[in-house]
2 protein chains.
Amino acid sequence: MSLEYILLGLLGEPASGYDLKKIFDTEVGYFWAAELSQIYPTLKRLEKQHLLRSHHAAAKRGPRRIVYETTAAGNRALRVWLQAGPEVGDERQAFVAKLYFMPALDDLGATLRLLSALRQRFATRLEALRSLEKLWEESDPRYPNELPTAEFHKLLALRKGLFSLQAHVEWADDSIRLVRQRADPAGVDRKAKAKPEKSDQRTAKVRV
Amino acid sequence: MSLEYILLGLLGEPASGYDLKKIFDTEVGYFWAAELSQIYPTLKRLEKQHLLRSHHAAAKRGPRRIVYETTAAGNRALRVWLQAGPEVGDERQAFVAKLYFMPALDDLGATLRLLSALRQRFATRLEALRSLEKLWEESDPRYPNELPTAEFHKLLALRKGLFSLQAHVEWADDSIRLVRQRADPAGVDRKAKAKPEKSDQRTAKVRV
DNA sequence: TCCGCCATGTAAGTTGTTACATGATTAG
DNA sequence: CTAATCATGTAACAACTTACATGGCGGA
């Protein structure tokens with residue numbers, strides 16, 4: 001289970017299950033998500049395998065917390081995973097499937113609506129990642145070239161998201177263009193003039 | 001379950017479970033995969049719900065086949081799904097997680113190896129998709145602008161894969177560059193001269 | 001005859017989700 | 001006092017994977 005290793009990785013800093021959930025929601029959610037109902041049992045399982053240890057901590061506010069940290073064995077396990085080469089799973093993308101089967105509706109307008117909705121979602125996510133990046137850039141003077149190793153790797157991961165989402169937005173824009181062209185092969189110029197397309201919200205190329 | 005709708009979509013043409021598996025492996029695998037052990041029970045479930053019907057067919061070679069096709073109700077269900085707007089799940093990408101936690105190894109060389117392995121896998125997949133596209137282009141004179149609606153949508157889906165994989169390759173190349181720069185800030189030109197990088201296998205921009 | 005492909009299935013296990021249950025503390 | 005947030009957990013279900021079981025048929 002990848003989640004086990006991700007928890008081992010995150011627990012370089014001691015944290016409770018609740019803390020970890022917040023990290024998933026705010027920091028690493030763009031490449032891995034997890035629910036509390038999955039986090040808690042997994043932490044217990046890892047402790048049973050002696051890859052984590054825990055202690056109860058009296059919290060200032062709220063009830064008792066259980067704070068976990070990695071053991072030497074946990075760190076070894078993490079390293080073995082890290083050195084084992086990449087795991088590229090096959091991505092199941094329901095939205096591509098939907099597009100693929102849209103001809104069953106026999107309505108190019110529906111295709112266009114689907115693509116526009118997708119375009120908007122991708123753009124929103126892209127903006128969220130860009131905000132993360134910007135916040136970082138503004139709060140850390142070492143960004144990007146003088147960053148310590150840990151932060152440098154986070155940057156690479158973040159840039160994966162940026163590259164990927166940008167490609168998604170560009171694909172959606174391009175597909176919308178192709179569908180419009182197909183729906184109305186004659187009046188391309190007329191339309192292009194009349195309607196300043198959404199794709200005018202140009203997404204600048206990513207740089208470092 | 002998306003798989004149910006995908007089967008309904010694929011069964012616009014009658015097919016057996018075994019046939020469908022081959023379609024997953026050769027045609028739609030780049031956005032959805034499925035095992036026979038999942039396909040067979042799902043087909044049975046859909047038939048019980050009267051969204052599919054089946055008949056036994058004597059095959060020329062091999063044992064009896066069970067050929068499924070959609071019913072009117074099945075087609076309605078598919079349309080409802082298609083009109084319900086996009087489903088963009090959160091992608092869990094173990095390889096990004098791995099990169100994110102690489103600092104635990106404290107070895108930039110390991111990061112470089114990971115990125116190179118990723119680069120190669122992405123490039124291989126990209127080539128596979130391009131072959132699919134090329135084969136198509138060569139065998140169908142209507143490609144790309146005169147394609148019938150069904151094929152046009154397949155093209156959009158395929159281009160999603162092309163855009164996405166290309167972004168992945170570009171990200172990997174760019175990350176490799178950044179890591180090298182970081183590992184050896186002084187000797188950039190020297191190295192760039194000595195080693196014609198893998199990234200020289202330039203991946204041309206996608207066009208229609 | 002044996003191997004590979006055709007063809008359908010079951011069983012057991014993993015991973016992940018949604019819904020539910022419980023209770024402490026604190027800010028308004 | 002009451003709502004929000006902190007905090008931990010269980011149960012039931014859904015989706016998917018890997019391994020196993022069975023057998024026909026055709027070509028080397």
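Here is the naming used below: chain letters follow the sequence lines, and residue numbers restart at 1 for every chain.
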Rounded to the nearest angstrom, tell me the gap between atom [atom1] in [X] and atom [atom2] in [N].
| X | N | atom1 | atom2 | result |
| --- | --- | --- | --- | --- |
| B/K44 | C/dG9 | NZ | C1' | 7 Å |
| B/R64 | D/dG24 | CZ | P | 10 Å |
| B/L36 | C/dA7 | CG | P | 11 Å |
| B/I39 | C/dC6 | CD1 | C1' | 15 Å |
| A/F24 | D/dA7 | CZ | P | 17 Å |
| B/H56 | D/dG24 | NE2 | C1' | 16 Å |

Taking DNA chain C as the partner, which of residues 6-21 of chain A come within under 4.0 angstrom of it by heavy atom?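 When residues 6-21 of chain A is checked for heavy atoms under 4.0 Å from DNA chain C, there are no hits whatsoever.
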Let me see the working for B/Y143 and B/E133 under side chain to side chain donor-acceptor pair (under 3.5 Å), right down to the final yes or no. CA-CA 10 Å; B/Y143 182 98; B/E133 191 197 22; 2.9 Å; yes
How far apart are the C-alpha atoms of B/Q93 and A/Y30, what are their side-chain angles, what is the distance that settles it, and do they pass the side chain to side chain donor-acceptor pair (under 3.5 Å) test? CA-CA 9 Å; B/Q93 293 177 301; A/Y30 65 94; over 6 Å; no
Donor-acceptor contact present, side-chain A/T71 to main-chain A/L51, <3.5 Å: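 Such a contact is found between A/T71 side chain and A/L51 backbone.
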Test item: A/D173 side-chain N/O and A/E170 main-chain N/O as donor-acceptor pair under 3.5 Å: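 Between the backbone of A/E170 and the side chain of A/D173 there is no qualifying donor-acceptor contact (under 3.5 Å).
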Indicate whether OP1 or OP2 belonging to D/dT8 is found under 4.0 Å from a side-chain N or O atom of A/Y40.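 Checking D/dT8 against A/Y40, a side-chain N or O does come within under 4.0 Å of OP1 or OP2.
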For a quick check of understanding: with a heavy-atom distance under 4.0 Å over all strands, which category does B/I66 fall into, base, sugar-phosphate or nothing?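 Since only primed, P, OP1 and OP2 atoms lie under 4.0 Å of B/I66, the category is sugar-phosphate.
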Residues in salt bridge (charged side-chain N to carboxylate O under 4.0 Å, His left out) contact with B/R53, at least two apart in sequence or another chain: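 B/R53 satisfies salt bridge (charged side-chain N to carboxylate O under 4.0 Å, His left out) with B/E69 once adjacent residues are dropped.
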Reading nucleotides 14-22 of chain D from 5' to 3' and marking B where a protein heavy atom lies under 4.0 Å of the base, S where only the sugar-phosphate is that close, and - otherwise, the string is -SSBBB---
Can you pull out every side chain to side chain donor-acceptor pair (under 3.5 Å) where at least one residue sits in residues 98-109 of chain A? Sequence neighbours excluded, please.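 As it turns out, the side chain to side chain donor-acceptor pair (under 3.5 Å) pairs with a partner in residues 98-109 of chain A, which skip direct neighbours, are A/K98-B/E87.
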Does any pair with a residue in residues 70-89 of chain A pass ring-ring contact (aromatic ring centres under 6.0 Å, His included), and if so which ones, sequence neighbours excluded?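 Matches after skipping sequence neighbours: A/Y5-A/W81.
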Below 4.0 angstrom, N of the basic side chain to O of the carboxylate: do [X] and [Y] qualify?
| X | Y | answer |
| --- | --- | --- |
| B/D25 | B/K21 | yes |
| A/E4 | A/R45 | yes |
| B/R130 | B/E127 | yes |

Please round to 10 degrees the angle between the axis of the first five pairs and the axis of the last five pairs in the helix from C/dT1-D/dA28 to C/dG28-D/dC1.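 About 10°, once rounded to a multiple of 10°.
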Would you sort out whether A/F24 and A/L3 count as a side chain to side chain contact (heavy atoms under 4.5 Å, CB included), showing the intermediate values? CA-CA 11 Å; A/F24 279 108; A/L3 178 62; 3.8 Å; yes
